[in-house]
Enquirer: 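Supplied in structure tokens, the structure appears directly below.
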Amino acid sequence: MSQVIRRRNRRTSVRREIPGQSRMSISMGAPISLASGVAAQSSQRSVAEMKNSSQKEKKDLQGLNCKLAEFLEKTRMLEAENKHLKELLNRSQVEFNIDVIKISYQEQLEDLKGIIEDKDKELAAVKSKNESLEEEVEDLTEQLRQVQDERDRLQAEIDGLHDEVARRIADSETSRRRTSELEKQLADWKKRYGILDGQMAELRTVRCNTLNP
């Protein structure tokens, strides 16, 4: 309808322009066929525009029809999927018994509580055993410390005895050397005594011979 109105308006405008153009052509001395040619070109352009507009509207309608068909197809698919989901939901609600599951979970919770209590008792026993072991370790550590102290004391005594033995050995070596020297001196004195004794014997012999000629 709007295209028809535009078409009529264009024709009216063409008709209104024709007298002015004819007057101009007459006043300028141009032939009358110029106005009719302009009107023909204008009408051809209008027809071409109307055809283009009509083809564009057809294409737009075709595109909208395609989109509408796609939308309807998606709607049908969603409705079918929704129906299937409702059936699954109704079926799951029939099969799903919350009381049975609740009882099962409660039984499992009771079992887990019992296991936790047993583990707590085992943990308490282990902690007690660890405490006793720690006390034993402390006692053994104290005993080891005492043994180490005693060992250090004995080692110190042994070191002192080693020093005493070394000193005694040094004194013995000194005594041995002194004894050797004394023995040498004694042998020397014995040798001298022997010489002197021989000389005294000779003197006694000479004296006796002198006294008894």
Side-chain angles (χ1 to χ4, degrees), residues 55-194:
Q55 290 176 357
K56 184 178 179 182
E57 288 179 356
K58 286 181 180 180
K59 290 180 180 180
D60 293 338
L61 288 174
Q62 289 177 357
L64 291 173
N65 289 330
C66 292
K67 291 182 179 180
L68 180 61
E70 292 177 357
F71 178 76
L72 292 174
E73 183 65 23
K74 288 182 180 180
T75 303
R76 283 194 294 270
M77 290 175 63
L78 291 173
E79 288 177 352
E81 187 176 357
N82 191 16
K83 183 179 180 181
H84 179 65
L85 292 173
K86 284 182 179 180
E87 291 177 355
L88 291 176
L89 180 61
N90 293 328
R91 191 183 305 169
S92 63
Q93 287 178 353
V94 172
E95 295 175 356
F96 185 77
N97 191 346
I98 192 166
D99 293 332
V100 175
I101 296 174
K102 185 177 180 180
I103 293 170
S104 177
Y105 275 112
Q106 287 178 351
E107 291 176 353
Q108 292 180 6
L109 287 173
E110 292 296 331
D111 294 337
L112 290 174
K113 286 180 180 179
I115 293 171
I116 291 171
E117 290 177 356
D118 294 336
K119 295 298 181 182
D120 289 336
K121 291 179 181 178
E122 292 179 1
L123 181 61
V126 170
K127 285 182 178 180
S128 177
K129 188 175 180 179
N130 287 334
E131 290 176 357
S132 62
L133 289 174
E134 288 177 357
E135 292 177 357
E136 291 180 2
V137 169
E138 290 178 357
D139 294 337
L140 292 173
T141 304
E142 181 64 22
Q143 293 177 8
L144 179 62
R145 188 184 63 78
Q146 293 176 0
V147 169
Q148 289 177 348
D149 293 339
E150 184 67 18
R151 185 194 65 182
D152 294 337
R153 187 183 65 79
L154 292 174
Q155 187 65 38
E157 290 182 358
I158 290 170
D159 293 338
L161 290 173
H162 285 166
D163 295 338
E164 183 66 20
V165 168
R167 187 179 62 79
R168 295 282 180 90
I169 290 172
D171 292 342
S172 176
E173 185 67 21
T174 303
S175 298
R176 188 182 64 78
R177 288 196 299 269
R178 182 64 178 168
T179 301
S180 179
E181 291 176 358
L182 290 174
E183 287 177 351
K184 289 180 180 180
Q185 290 178 2
L186 180 61
D188 187 36
W189 283 109
K190 284 181 178 181
K191 185 177 180 181
R192 289 182 181 182
Y193 178 76

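Since this is a predicted model, take the numbers as computed values, not measurements. No hydrogens, no waters, no symmetry mates; every other heavy atom, side chains included, goes into these values.
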Enquirer: Hey, what do you get for CG (Asp149) to CG (Leu144), rounding to the nearest 0.5 Å?
Expert: 9.5 Å
Enquirer: Can you sort out the partners of Asn82 under side-chain hydrogen bond (donor to acceptor under 3.5 Å, both in side chains), two or more places apart, ordered by chain and number?
Expert: none
Enquirer: If a pair satisfies side chain to side chain donor-acceptor pair (under 3.5 Å) and one of its residues is in residues 116-127, list it, with sequence neighbours excluded.
Expert: none
Enquirer: Taking only residues two or more places apart in sequence, or in another chain, which ones meet Glu107 in a side-chain hydrogen bond (donor to acceptor under 3.5 Å, both in side chains)?
Expert: none
Enquirer: Can a side-chain donor-acceptor contact be found between Asp159 and Gln155 if the only test is distance below 3.5 angstrom?
Expert: yes
Enquirer: The criterion is side-chain contact (heavy atoms from CB on, under 4.5 Å); which residues satisfy it with Gln185, sequence neighbours excluded?
Expert: Leu182, Trp189
Enquirer: So which pairs with a foot in residues 133-143 pass salt bridge (Lys or Arg N to Asp or Glu O under 4.0 Å), sequence neighbours left out?
Expert: Glu142-Arg145
Enquirer: Return each pair, listed once, that meets side chain to side chain donor-acceptor pair (under 3.5 Å) where at least one residue sits in residues 68-80; pairs must be two or more places apart or across chains.
Expert: Glu73-Arg76
Enquirer: Quick one: list whatever passes side-chain contact (heavy atoms from CB on, under 4.5 Å) with Lys129, sequence neighbours left out.
Expert: Ser132, Leu133
Enquirer: Mind jotting down which residue pairs meet the side chain to side chain donor-acceptor pair (under 3.5 Å) criterion with at least one end in residues 161-172? Sequence neighbours excluded, please.
Expert: Glu164-Arg167, Glu164-Arg168, Arg167-Asp171
Enquirer: Keeping the roles fixed (side chain from Asp188, backbone from Lys184), state whether a donor-acceptor pair exists under 3.5 Å.
Expert: no
Enquirer: Sequence neighbours left out, what passes side-chain contact (heavy atoms from CB on, under 4.5 Å) with Glu110? Give chain and number order.
Expert: Lys113
Enquirer: So how far is it from Leu78 CG to Leu85 CG, rounded to the nearest 0.5 Å?
Expert: 10.0 Å
Enquirer: I'd like to know if the side chain of Thr141 and the backbone of Val137 have a donor-acceptor N/O pair within less than 3.5 Å.
Expert: yes
Enquirer: Using the side-chain hydrogen bond (donor to acceptor under 3.5 Å, both in side chains) criterion, which residues pair with Arg178? Sequence neighbours excluded.
Expert: none
Enquirer: Report the residues that fulfil side-chain contact (heavy atoms from CB on, under 4.5 Å) with Glu150, sequence neighbours left out, ordered by chain and then residue number.
Expert: Arg153, Leu154
Enquirer: Would you say that more than 12 heavy atoms from the other residues, nucleotides or ligands in this model lie under 6.0 Å from the CD of Glu81, or not?
Expert: no
Enquirer: Roughly how far apart are Lys58 NZ and Asn65 CG, rounded to 0.5 Å?
Expert: 13.0 Å
Enquirer: Starting at CD of Gln106, measure out to CD of Gln108 and round the result to the nearest 0.5 Å.
Expert: 11.0 Å
Enquirer: Let me confirm one number: the OG-CG distance from Ser128 to Leu123, rounded to the nearest 0.5 Å.
Expert: 11.0 Å
